[in-house]
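In what follows, chains carry the letters A, B, and so on, assigned in the order in which the sequence lines appear, proteins first and then strands, with residues in each chain numbered from 1.
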Amino acid sequence: MTDAATETTSGTATGQTAGAVPILETHGLTMRFGGVVAVDDVDFSMAEGELRCLIGPNGAGKSTFFKCLTHQYKASAGRVRFRGTDITGSHTYQIARRGIGIKTQVPSVFDGLSVHENIWVAARRHHGRREANRIVDEILERLRLEGHARRVVGQLAHGERQRVELGTVLTGEPELILLDEPTAGMTHEEVNQTTDLIREINRTTSLIVVEHDMQFIKAIAERVTVFHQGAILIEDTMANLEKNQQVRDIYLGKQHAA
Amino acid sequence: MTVLGVNLRNWETWGTILVGIAMVVLLFAGPHIFDLFLLFKVTLFVAMAILALSMGFIWGYGGILCFGQSAFYGLGAYTYAIAVGNIGESTAPFLLAIVVPGAFAALLGYFVFYGRLSDVYLAVVTLAVTLILYNFMRSTAGEEYVIGAQRLMGFNGISSIQPINWPGDGSAWLLPDEIFHLAMFCLIACYFGLKLLNRSHFGRVAVAIRENELRAELLGYDVRLHKLQTFTIGGAMAGLAGCLGVNFNSFVNPDVFALNFAAEIIMWTLIGGLGTLVGPMIGCIGLLMLKFEIGQQQITNTYLIFGGIIMLFVLLVPAGLLPTARQLGERYLPMLRADGAGDGRGREAAQ
Ligand SMILES: Nc1ncnc2c1ncn2[C@@H]1O[C@H](COP(=O)(O)OP(=O)(O)OP(=O)(O)O)[C@@H](O)[C@H]1O
Ligand SMILES: [Mg+2]
């Protein structure tokens, strides 16, 4: 799969200058499971450097949307463009190499390996042996995992495993990171630390964050996309969304009641 | 305490050093301590230990459960027999006995891994291929089944296979103790080769894929290619074992493709311990010795005993001998603690 061959001309619709090419775009992205339409004709676009939040009730299709972006599922229809390049048909590992990292909803780590090895295997894909060792130490420190370096990941608490997973993602310095419920299972203090970490990551990287924790979203969100029944319901700032009756009904209302 | 990048306070390091010393001692002392009959037997054991290593590598480290590892052993054996029967000088046949099974593993692996068939399918497909080879080879007794100058001989098997010779001189056949030396040398090379491989980037990724294929993909590793390479290395190594195996008694028949043999390799690995290299070798030698013993007594069926043993192990020592010994060692000898390398743990027998 060559980069040049799949280079797109979609710039005409979204602006001509290179700087205006969105980092990620989908057109009519659709994922059907039998009769269930989990992702329904989604046109999504975000700019480079953005920190976008994705919210929506359980089953809205957020995780499935992520899985289509990373080709864990082959979309039933629609296209995905990353920095102007069509990646719809690329394999999962090719998409990762292009610079999209993902932390999945259920932590996906190498459970039988130590924290150090988890991050080393990730870092070594991009760097030589010596550089990889350096980066592992750096990431362990950044995620406050130094004390756990030799522990087997399967024996760690949920929140720590999430951090290990994030650590593996960060080693590749991806240009876009997808975070599916990064604060799930974390203590209050860990959530605060994660908030800071995400802000810090966002200085160099674009992010899409799926979350249910409204406090957390308010703390980090610039723009929020609301998913409902597989489709984008609305896109706005958090302040405006809180005033929106439709959003309150389908999502916030339910959350408060729950 | 680290010397030349090797951690000396590590159970595994000491294990490797001890195994290395033991193998080198055996390499030189073997012909002096064994009589000729025993030397032949030990040579066969050494060939089988290489087969066990190949299984321990692809299954224990690569997470690939191949039910037909014996097929590659058999292909190596037959390739050597047929090639040496035609060529008469053993250097090319020796190499072909490694390359042909390796290529066959690559082809089979290509269909399974690139077809994204599940792990269970690989077990089923490899077993099916083994049984097809078994039935095919048994049906080649007729004179029409001939490759070059070598008849395949069907269920009778090919006998009087010319042994390996000194490279370049087709008449300078290796003596039994030289064949033993060669087999031992190959075993040592395979063992330390795999040790190095497992410590390398390639080996660490193989283990990571065993642990979580999806995460490996999400980090940018081409899992299909990686598994294909692991599987091919295992196939080539099993082929080498087959080549050495026929040199033990100059004979091969279709029983190398039989279900019994395929299952035995799985038993060696389970009993010795998944996720180790020495474990499968110990399991292999132990069960082979037991099999010879039972065979001599002729009071009971070998596989009845084997069945009982495997049940006992699954119930009492599910992690296998070596991982269990290591766990005990780490508990009672805490100064030798593995430094968190995950594959030191026993793996679930059902995996
Ligand atoms: N592999 C699958 N097969 C069939 N249906 C699926 C599959 N994956 C997801 N679905 C369905 O697609 C819909 C969207 O699921 P998804 O997991 O994407 O929701 P979500 O927004 O991530 O929800 P949550 O907030 O609970 O994580 C659900 O109705 C779900 O049942
Ligand atoms: Mg989800």
- A:Val169 to B:Arg215 - nearest heavy-atom pair and separation: CG2-NH1, 3.9 Å

- Query: Could you give the distance from CD (B:Glu211) to OG (A:Ser108), rounded to the nearest 0.5 Å?
  - Reply: 11.5 Å

- Of all the heavy-atom pairs spanning B:Ala208 and A:Val121, show the shortest one and how long it is. CB-CG1, 3.9 Å

- Query: Could you give the distance from CZ (B:Arg204) to CG (A:Leu113), rounded to the nearest 0.5 Å?
  - Reply: 6.5 Å

- Note on the structure: Value for CZ (A:Arg129) from OG (B:Ser200), rounded to nearest 0.5 Å, stands at 7.5 Å

- Item | Stepwise side chain to side chain contact (heavy atoms under 4.5 Å, CB included) test for A:Phe110 and B:Leu219 | CA-CA 12 Å; A:Phe110 306 119; B:Leu219 292 173; 4.0 Å; yes

- Note on the structure: Okay, A:Val115 and chain B: the region with an atom under 4.5 Å from a heavy atom over there is neither

- Task: Count the heavy atoms of every other residue, nucleotide or ligand shown that sit under 6.0 Å from OH of B:Tyr121, and state whether that count exceeds 12.
- Result: no

- Hey, is the main chain of B:Gly220 close enough, under 3.5 Å, to the side chain of A:Arg97 for a donor-acceptor pair? yes

- Message: Is it the case that atom CD in A:Glu146 sees more than 12 heavy atoms from other parts of the structure closer than 6.0 Å?
- Response: yes

- Under 3.5 Å, side chain of B:Tyr221 to main-chain N/O of A:Arg125, donor-acceptor pair present? yes

- Query: Would you say B:Phe192 has more than 12 foreign heavy atoms packed within less than 6.0 Å of its CZ?
  - Reply: yes

- Got a sec: does the CZ of B:Phe202 have more than 12 other heavy atoms crowding it under 6.0 Å? yes

- Given A:Thr171, A:Thr168, A:Thr104, A:Asn118, the one with more heavy-atom pairs under 4.5 angstrom with chain B than any other is A:Thr168

- Out of B:Asp222, B:Leu218, B:Val223, B:Ile209, which one racks up the most heavy-atom pairs below 4.5 Å with chain A? B:Asp222

- Query: Hey, what do you get for CG (B:Leu214) to OG1 (A:Thr92), rounding to the nearest 0.5 Å?
  - Reply: 7.5 Å

